[in-house]
Amino acid sequence: MAEAREGGIPDGLGAGQPSKRAWHLAFRCHAVRRRTGGAGVVLLSATPAKNSPLEFYNAVALVDPGAFERAGVADPETFISRYCLTEQAMAQKPDGTLIVRAAVKAFGNLAELRDVMGDIAEFRTADEVGLRIPEALPTQVHVDLTSAQQMEFRRVVGEIEDIQEQIRKLMHDPKGNAGRIEALRMKIMGLSMRLDLVAIHPELPEHSGKDYRAGSVVRLDGQAPKLEACANTVAASLARDGVCAQLPSSCASESPPNSGDYCMACGHIIFVENVAVHDWLVRLLVERGVPRHRIAVLNAKVAKDPETRQQIAERFNGVGCPSEDEYLAPEFDVVIANSVAYEGVDLQRRTCAIHHIDLPWEPASLQQRNGRGVRQGALSNEVKIVYYLAKGSLDIRRLVKIDTKASWMKSLVASQDRVTNNPAAGSDLSVAELLAELASPEQRAKALAWAEQDRLAQEAVRKQRTARAANGRLQSAADRFARAGRSDAATAARLRTEAEAILAELGKVSADTWPWHALAQGIRDQAAYVPAKGPPLFSGTRLRLRGTVYELGRIDGPALAAGNLPLRQLGLLRYELHPLDNDLLSMLGELTPADIGPTVPWDEHADHQALMPRLGESGTEWDNWESKPWLHLPGAKADALWPAGEAAVVAWLKRRADNRYGNWTDLAVPLQDAGRAATTSTTQATPRLARGAQLVPPTDAGWRRWLELAEARRQAVAASRDGGALWPSFAEMATVAQAWWGRSLHAAQRGS
């Protein structure tokens, strides 16, 4: 279960409280696993997840609670952070008002998530297991707006244009006016919802908020073209001469009734969200000859509890075939419904057509609507999906927006995708698109120009989000490559496979959105720092920051661990530690490929020649080791420069010994003496060097040698207490490692 957070729990994560049935199932699965040593639970489900990505997490946990833990996912919060991609989206509250809140739009880290689930789960489509699902046949019925509707549309669009002009005037200071701008945008979205009601009837917005009593009749003057078109279509389909041509094969041996009261495979579902319209639709159908007792209404006012809704479903579907003892004939031919029928109400047995008077505000709801009839158990081979669209309204535009983009379910499990399950993120019209769609002819050119500007702005935002997401994925791959180097062979192979899958996934991102494909390949064998925005950075990277060329120091050193980036301006000796604050991160985000690598003009040889003789020089007589560049020099460069810099470092140690009372911190120095590790201080290093000890370099090669000495010490300690006494303690060697290289010895090298 997700925890509350700033801005509330994101939309798309399902209910905030678990059901009693879920608890009971979890307890029973736990009891089985405890008796069988962890096995014994097999989960079979037609819909492993319907409403929430967390349902995948919970389903896997029922079968194997350790499946996600082995991947480092200990709880739902970690699951959400690692696998669920959220973004701010418009949401509708139960009272009809709009709010902006986070919503789950898709899955991320898909390769890893599929691996975790693939170990214990197998998904099959309905075709693969032989389940018959009717074919969905979408069709559109276009109707003209009445003159009254057109007049109300023009009035509302004019109001939207006025508000948009107010927003443009406030954009001179978007930060200072953020609250007012957001309030105006919300008002525009509220007006766009009003237009949805006007597309049904111009007076409907005034009636939609009134109290609705079951059995009352909403009487509005004038025509309602969409409702009338729907009523005509349904009534024509239900008109018959007593012989049902659509009798299902399962009941083919029975003679259909001659009364013409019902048809086993001819039931209609009409969806329209506004409750006030339901009673009006009943009246229009009755006027066209559909018996009132054959029409059911399914909304929260008429069917207040699940039991009543189930009864309506059974009376619509019927039970069994006429020859069966427990056969119950269908009582309803038409069900007029809204969102209360989206879940838990199965109407598929007799459904031949699903009619949409309006379109859901959130496209995911279309999946729930159509899923009432297009599902296993339907008696018809085909189900018509009829959309009633008002010309000149937002209907057509919104339907186009609800396209065949992959939903978060489809992106993970192919079997979750159906023809009718086509919710899409980002289906809401922008303000500019809305105005362009509804503008008067004299305003259309201006509105189209605004829409194009708005499109370009949205495209820029989309690219920024995609680039940030790509950087996050690259950091995830870099972490896996790094962990592979510290893991056993089997784990290392798995981590590298996962990392390679991420790199392959990133390869699909266009170069104009994320231009770091070539640099990204370096993470296979180099430590990397990947900022939220900008290129991956490696030790020794040359980069131009606002006109100045720098060399980046060690990525795996103490600087980055402390939240700093070690940067050395070319021609200078010292590495400056730059905090990774907003200013530096902003500069990194401004980098382009031209600011990195060989395209930046510099003279490598001249820079090295200036650096080498100064590697041991002193700013003051009592300066500390931290002021030297060795802690931050990239490993390969430190190895290359050590022959020229060794003498300078030895001279620096001698100065320390000659001035032992200076105002500086003593330093633990690593030596190799008679094939063994030795540690000493800066004041004692010179005499020991004079007696034949060797200084272990502060380079990558020196670090590898120190690790070898630490392993030799561990083996000596394990073999003989006396032999181990000739070596420094693990604590002493670890202190030197941290001081000299800024690195840590692994506890496994401690020994006994």
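Along the sequence shown, residues are numbered consecutively beginning with 1.
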- Query: Any side-chain heavy atom of V736 within less than 4.5 Å of one from L667?
  - Reply: no

Residues at least two apart in sequence or cross-chain that pass salt bridge (Lys or Arg N to Asp or Glu O under 4.0 Å) with R180, listed by chain then number, are none

Q.
Counting C-beta onward and ignoring hydrogens, is there a side-chain heavy-atom pair between T541 and L519 closer than 4.5 Å?
A. no

Heavy atoms of A638 and T699 approach each other most closely as O-CG2, 3.4 Å

Worksheet item: Is it true that a side-chain atom of N471 and a backbone atom of P531 form a donor plus acceptor pair closer than 3.5 Å?
Response: yes

Note, L580 side chain near L585 side chain (heavy atom, < 4.5 Å):
yes

Notebook entry, point to check: Are any side-chain N or O atoms of H632 and backbone N or O atoms of E576, one a donor and one an acceptor, separated by less than 3.5 Å?
Noted result: no

Should I502 and E498 be marked as a side-chain contact (heavy atoms from CB on, under 4.5 Å) after you check the CA-CA gap, both sets of side-chain angles, and the distance that decides it? CA-CA 6 Å; I502 294 174; E498 293 173 357; 5.5 Å; no

- Query: Is a donor on one side and an acceptor on the other found under 3.5 Å between the side chain of S586 and the backbone of N582?
  - Reply: no

* Side chains of L577 and L565: does their closest heavy-atom pair fall under 4.5 Å? -> no

Tightest non-hydrogen contact, residues Q672 and L709, listed as OE1-CD1, 4.3 Å

Heavy atoms of T592 and W516 approach each other most closely as C-CH2, 3.5 Å

Residues at least two apart in sequence or cross-chain that pass side-chain hydrogen bond (donor to acceptor under 3.5 Å, both in side chains) with D581, listed by chain then number, are none

**Message:** One pair to check against side-chain contact (heavy atoms from CB on, under 4.5 Å): T735 and T679. What are the steps and the verdict?
**Reply:** CA-CA 9 Å; T735 298; T679 60; over 6 Å; no

Do V649 and L695 have side chains that get closer than 4.5 Å, going by heavy atoms? yes

- Query: Are any side-chain N or O atoms of R554 and backbone N or O atoms of W741, one a donor and one an acceptor, separated by less than 3.5 Å?
  - Reply: yes

So, R705 side chain and V696 main chain: donor-acceptor pair closer than 3.5 Å or not?
no

When rounded to the nearest 0.5 Å, the distance separating CG of L584 from NE2 of H578 is 7.5 Å

So the salt bridge (charged side-chain N to carboxylate O under 4.0 Å, His left out) pairs with at least one residue in residues 511-524 (sequence neighbours excluded) are K463-D512, E500-R524

CG (L552) and CD1 (I596) are apart, to the nearest 0.5 Å, by 10.0 Å

Taken in chain and number order and not counting sequence neighbours, the residues that satisfy side chain to side chain contact (heavy atoms under 4.5 Å, CB included) with D700 are D639, R704, R743

CH2 (W706) and CG (L671) are apart, to the nearest 0.5 Å, by 7.5 Å

Smallest heavy-atom separation, F538 atom then A527 atom, equals CD2-O, 3.3 Å

One should read off an interatomic distance between L631 CG and Y575 OH, to the nearest 0.5 angstrom, of 11.5 Å

Contacts of E590 meeting salt bridge (Lys or Arg N to Asp or Glu O under 4.0 Å) (sequence neighbours excluded), chain-then-number -> R546

Mind telling me whether W630 and W642 have parallel, tilted or perpendicular rings, with 30° and 60° as the class edges? perpendicular

- Side-chain contact, heavy-atom cut-off 4.5 Å: Y550 with R542? no

Note: L503 and A520 closest approach over all heavy atoms is CD2-O, 4.2 Å

OG1 (T686) and CH2 (W652) are apart, to the nearest 0.5 Å, by 10.0 Å

Heavy-atom nearest pair, P515 first then P593, reads CB-CG, 3.8 Å

*S476 backbone acceptor or donor facing D479 side chain under 3.5 Å*: no

*Close side-chain approach of I181 to I167, heavy-atom, < 4.5 Å*: yes

Output for pair (E708 CD, W703 CH2), nearest 0.5 Å, gives 12.0 Å

Any donor-acceptor N/O pair, E711 side chain to L707 backbone, under 3.5 Å = no

The complete set of side chain to side chain donor-acceptor pair (under 3.5 Å) pairs with one or both residues in residues 525-539, sequence neighbours excluded, reads none

- Query: With a 4.5 Å heavy-atom cut-off, do L545 and L591 have their side chains touching?
  - Reply: yes

